[in-house]
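On a predicted model such as this, the values are computed, not experimentally measured, just so you know. Throughout, protein chains are lettered first and strands after them, A, B, ... in sequence-line order, and every chain is numbered starting at 1.
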Amino acid sequence: MDIKAIERKWQQQWEKARLNNFDRKSDAPKYYVLEMFSYPSGAKLHIGHWYNYGPTDSYARFKRMQGYNVFQPMGFDAFGLPAENYAIKTGVHPKDSTEKNIATMENQLKAMGAMFDWSAEIKTCEESYYKWTQWMFLQLYKKGLAYRKEAPVNWCPSCQTVLANEQVVDGRCERCSTEVVRKNLTQWFLKITEYAEELLSGLDTLDWPEKTKNMQRNWIGRSTGCEIEFESERGDKIRVYTTRCDTVFGVTYIVLAPEHPLARKLTTPEQHDAVEAYIENASKCTEIERLSSTREKTGVFTGSYAINPVNGRKIPVYLADYVLATYGTGAVMAVPAHDERDFAFATKYGLPIEKVIEKQGGETELPFTEDGIVRGSVEFDGLFGEEARDAIAAHISKLGKGGKKVNYRLRDWLVSRQRYWGAPIPVIHCPVCGVVPVPEKDLPVRLPYDVEFRPDGKSPLAKHEKFMSAPCPVCGRAARRDPDTLDTFVCSSWYFLRYTDAHNDREPFSREEADRLMPVDTYVGGAEHACMHLLYARFLVKALRDMGYLDFDEPFKRLVHQGVILGPDGNRMSKSHGNIVSPDEYVQEYGADAFRLYLMFGFSYTEGGPWNDDGIKAIAKFLDRVEKLVAKVRDMKVPRDAQPYGAEEKALDYARNFAIARVTRDLESFSFNTAIARIMELVNAIVKYDALPVKNAALLKATVTDLVLLLAPCAPHTCEELWEMLGGKFSVFEKKYPVEDPAALVLDEKEYAVQVNSKIVCRAMFPSSAQNAEVEELARVLPEVQEKTAGKAVKKCIVVPGRLVNLIVG
RNA sequence: GCGGAUAUGGCGAAAUUGGCAGACGCGACGGACUUAGGAUCCGUUGGGCAACCGUGCAGGUUCAAGUCCUGUUAUCCGCACCA
């Protein structure tokens with residue numbers, strides 16, 4: 001077969017027949033298969049793209065053949081830093097390089113032979129798309145879910161922009177690995193924390209990998225504790241958050257984060273210089289320095305004291321950077337006897353350590369951080385763990401000094417970026433009216449082309465006078481636009497909604513189309529997005545639902561992560577490792593089908609692994625074998641008279657139906673490697689049958705036909721061609737996927753493993769209908785069994801129907 | 001430090017969820033067809049001469065363990081002063 005010609009032929013036919021498009025008129029149940037769209041970074045598809053899109057497309061085709069009206073769109077996450085950095089290096093404008101890359105990738109994606117519905121294609125950098133990204137922002141703003149505040153933010157000195165918490169990895173920029181520093185800036189935030197509880201509880205309803213759900217749970221980080229109000233001697237109220245209020249009688253000092261609003265107010269004149277120096281120093285630390293938990297704790301005394309509300313004790317107030325300003329209340333009560341950090345700090349600064357919890361039935365060694373029995377806490381003595389916390393929290397509540405409180409580690413999502421290649425934030429800053437959203441009728445706020453994007457810490461757009469100056473929409477006075485652009489994760493948080501109604505120019509999507517096609521039934525993409533894209537998208541969907549634009553709670557019903565294909569050396573493919581394997585030569589030599597099939601067969605889909613091409617020739621050979629079978633039965637005459645149907649035919653029919661059942665099950669669960677293995681077994685069975693002198697031509701032909709149908713989702717071009725060879729009508733993808741005949745799967749006899757004292761003695765065929773007692777009898781009389789059991793009593797017999805019989809003698 | 005995942009032939013990997021370990025494929029070996037090579041086809045292929053032994057390692061539960069439990073090692077991933 002001329003692979004290239006066949007690929008071209010069928011790709012053209014599919015396009016002509018609009019076979020890949022979602023059928024908006026069909027009554028068939030919809031099925032939305034989505035692969036994470038790609039960033040057009042390099043011009044060419046790499047193995048990762050093929051690995052994500054090829055097998056998933058086979059899944060989509062499989063669902064289609066099962067009778068679903070499948071929607072599988074594709075697009076480009078086109079805004080973002082790489083294009084801009086490339087521009088800085090080479091002078092090629094991000095828009096130009098991005099468009100060029102997209103054009104190349106589109107062609108390559110089409111050559112893959114995937115059934116993408118290109119009529120719904122979107123590119124996030126196009127005005128027709130980012131107009132609605134800006135619209136999203138405005139709706140969030142109206143709803144009070146977007147706000148501006150000055151806050152210490154993560155600043156990447158190399159990318160010259162702020163980063164969201166999620167984009168900081170080990171204190172370094174996720175993108176360029178530069179150490180992140182903290183900077184106080186006024187920035188836009190989205191109030192994702194408002195949805196913390198629902199983002200957490202919603203996970204239970206999702207068919208996602210447990211690991212990913214756990215990562216999100218962890219990231220959201222819910223904890224139940226208690227807020228307690230301490231009062232300084234001068235009457236300042238200091239609220240602390242603790243999960244261990246059962247230790248409150250053991251508090252020996254209080255610690256505030258250096259950025260705490262009361263830090264300076266509580267400082268006495270004598271301590272002024274020391275405190276100022278400490279605060280100054282803390283602010284200069286990089287994230288890395290500060291995050292290191294092995295680093296010795298430092299702090300400074302403010303000179304003030306506070307009163308413990310439960311026992312009236314006077315305790316000193318310290319500042320220390322081991323307390324985080326952004327979590328809880330930014331202040332903690334220190335119980336050195338029962339917290340390792342407090343213990344280390346107290347030891348260093350000579351602060352008292354007071355034991356108020358005792359280990360149950362054992363020596364209490366400090367710091368003792370587990371649950372134990374309360375001591376030295378008046379009426380609470382003797383209570384244990386949770387019980388003690390409940391009682392003490394109730395007591396604090398009664399005193400009017402706080403009470404139970406739930407906290408989350410999740411922070412609001414920082415979305416301002418001081419970069420050019422993104423969607424401008426649709427806001428105008430008026431000297432009189434303040435922050436004014438751009439009226440929806442004026443959207444999009446266009447991203448100008450002629451911009452100096454060399455970074456200098458300010459947004460490139462800030463230097464574009466024509467862009468910056470705009471009249472205030474409220475009062476008409478001269479005002480300034482917001483010079484920042486939106487984090488690209490905002491663009492990708494709703495693209496799956498836009499696909500459902502990609503050409504709507506009146507709204508981002510119609511509610512009708514979204515409700516009809518959403519949620520995504522199966523979403524496939526890399527695991528690295530667990531706490532970013534996948535969390536942001538869930539948040540936005542919930543926010544849109546609450547604003548009345550949608551009628552569902554979760555965007556992605558089922559989630560699958562493909563594994564990572566590593567370089568042949570076992571490392572991640574990268575230029576620096578010099579281990580990048582390009583798919584192009586393989587596709588050129590063996591064809592798209594063989595390459596896709598190899599990716600499916602050679603790896604466990606969710607595992608991935610090091611690349612090696614040992615088996616790819618075998619896959620090409622396998623396709624040849626299938627073709628030979630088709631060629632052979634194509635012209636085979638089926639006689640009118642009755643066909644033979646004996647043991648061989650029954651075996652073939654069994655193989656055929658067994659393959660149908662297993663392939664169907666395996667494709668459904670993304671076990672592509674075993675699905676293909678089952679198809680290979682079927683081919684082996686057909687070849688074996690075909691070698692017989694007398695054959696049932698009708699059965700043989702029907703089996704080969706099923707083989708082509710079974711394989712079609714995995715080798716689409718080849719099977720479309722083979723289908724045509726068999727005289728089938730275009731297209732094979734409009735045929736029903738085979739369904740097994742349960743009757744053919746019932747065998748007269750089954751092979752049992754026969755064991756004596758759990759050791760295999762022999763194998764034997766017993767009737768499938770045999771009951772356990774019968775199996776036991778049949779097994780007992782086998783000569784091999786007789787030999788082993790001679791003269792011994794059978795004490796017990798275990799029968800696993802259809803599989804195994806075990807006689808225990810002694 | 002905490003949490004999670006993984007560990008199976010020379011290699012990629014399977015194993016109806018506690019029931020014949022190694023399906024399917026690669027590679028290797030032998031053979032057929034060939035002047036030869038290639039292609040194709042047919043066998044054999046965990047180890048051991050055997051009894052037996054074999055799923056990272058050490059224990060345990062069970063008639064039966066790759067699968068469950070306890071401990072341990074290695075690799076990968078996530079979180080990391082979250083009070």
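- Between rA32(B) and rG48(B), the two C1' atoms lie 32 Å apart (nearest whole Å).
- To the nearest angstrom, C1' of rC41(B) lies 17 Å from CZ of F622(A).
- By the side chain to side chain contact (heavy atoms under 4.5 Å, CB included) test, D2(A) is found to be paired with K4(A), A5(A), residues two or more places apart in sequence or in another chain being considered.
- Within 4.0 Å of E210(A), counting heavy atoms only, lies no atom of the nucleic acid at all.
- Comparing rG37(B) with rC29(B), their P atoms are spaced 14 Å from each other, to the whole Å.
- Spacing of P atoms, rU45(B) relative to rG22(B), comes out at 12 Å, to the nearest Å.
- Here C173(A) pairs with C156(A), C159(A), L163(A), R175(A), C176(A), V180(A) under the side chain to side chain contact (heavy atoms under 4.5 Å, CB included) rule; sequence neighbours left out.
- Counting any heavy atom pair closer than 4.0 Å across all strands shown, G602(A) reaches sugar-phosphate atoms only and no base atom.
- Using a 3.5 Å distance cut-off with no hydrogens or angles, the side chains of T718(A) and D593(A) do pair a donor with an acceptor.
- Between the side chains of Y322(A) and T298(A), no donor N or O sits under 3.5 Å from an acceptor N or O.
- A donor and an acceptor atom, one from each side chain of T606(A) and H561(A), are nowhere located under 3.5 Å apart.
- Between S604(A) and rG12(B) there is no side-chain polar atom (N or O) within less than 4.0 angstrom of OP1 or OP2.
- Between the side chains of T302(A) and Y278(A), no donor-acceptor pair of N or O atoms lies under 3.5 Å.
- Position along RNA chain B of the nearest nucleotide to A753(A) versus T242(A) favours A753(A) as the more 5'-ward residue.
- Between W611(A) and Y586(A), the ring center distance clears the sub-6.0 Å criterion.
- The ring-ring contact (aromatic ring centres under 6.0 Å, His included) with W413(A) is formed by just one residue from the set Y536(A), F489(A), W219(A); it is Y536(A).
- Taking the O4'-C1'-N9-C4 or O4'-C1'-N1-C2 dihedral as appropriate, rG9(B) has a value within 90° of 0 and is therefore syn.
- Counting only residues at least two apart or in different chains, side-chain hydrogen bond (donor to acceptor under 3.5 Å, both in side chains) contacts with residues 668-683 of chain A comprise Y59(A)-E668(A), K63(A)-E668(A), D666(A)-T674(A), S669(A)-S671(A), R678(A)-E681(A).
- Nucleotides rG4(B) and rG54(B) place their C1' atoms 29 Å apart, quoted to the nearest Å.
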Heavy-atom contacts, protein to nucleotides 21-27 of chain B, under 4.0 Å, summarised as B (base), S (sugar-phosphate only) or - (none) per nt, yield --BBSS-

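- The residue S223(A) sits close only to the backbone: its heavy atoms come under 4.0 Å of sugar-phosphate atoms, none of a base.
- At whole-Å resolution of the value, CD1 in I616(A) and P in rA13(B) are 16 Å apart.
- A tilted orientation is assigned to the rings of Y51(A) and Y605(A), their planes being inclined by 30° to 60°.
- Counting any heavy atom pair closer than 4.0 Å across all strands shown, I808(A) reaches sugar-phosphate atoms only and no base atom.
- Remark: the separation of the P atoms in rA58(B) and rC41(B) is 44 Å, to the nearest Å.
- Which of rG19(B), rG4(B), rA80(B) sits closest to the side chain of V800(A) comes down to rG19(B).
- Rounded to a whole Å, the CG atom of N214(A) is 18 Å from the P atom of rC2(B).
- Here the P atom of nucleotide rA13(B) and the CE atom of M600(A) are 17 Å apart, to the nearest Å.
- A donor atom on one side chain and an acceptor atom on the other are not found under 3.5 Å apart for R662(A) and N657(A).
- Between the C1' atom of rG19(B) and the NZ atom of K796(A) lies a distance of 14 Å, rounded to the nearest Å.
- Phosphate proximity of rA83(B) to Y327(A): present, with a side-chain N or O under 4.0 Å from OP1 or OP2.
- Separating the C1' atom of rG1(B) from that of rC52(B) is a span of 46 Å, rounded to the nearest Å.
- At the heavy-atom level, G608(A) lies under 4.0 Å from the strands shown only through sugar-phosphate atoms.
- Residues forming a ring-ring contact (aromatic ring centres under 6.0 Å, His included) with Y689(A) (at least two apart in sequence, or on another chain): none.
- Rounded to a whole angstrom, the distance from the C1' atom of rG12(B) to that of rC2(B) is 34 Å.
- Annotation: rU72(B) and rC77(B) have their P atoms spaced 23 Å apart (nearest Å).
- Each of K759(A) and A331(A) was matched to the nucleotide of RNA chain B holding its nearest heavy atom; the match closer to the 5' end belongs to K759(A).
- R172(A) has its CZ atom 15 Å from the P atom of rA80(B), to the nearest Å.
- Side-chain proximity of R409(A) to rC79(B), rA83(B), rC81(B): nearest is rC79(B).
- Straight-line distance from the NZ atom of K617(A) to the P atom of rG38(B): 12 Å, rounded to whole Å.
- One atom, CG of N218(A), and another, P of rG78(B), lie 12 Å apart when rounded to the nearest Å.
- For RNA chain B, each stem of at least three Watson-Crick or G-U pairs (distances under 3.5 Å) is given as range with range: B:1-7 with B:73-79, B:10-12 with B:24-26, B:27-32 with B:40-45, B:56-60 with B:68-72.
- Glycosidic torsion of rU8(B) falls outside 90° of 0, placing the base in anti.
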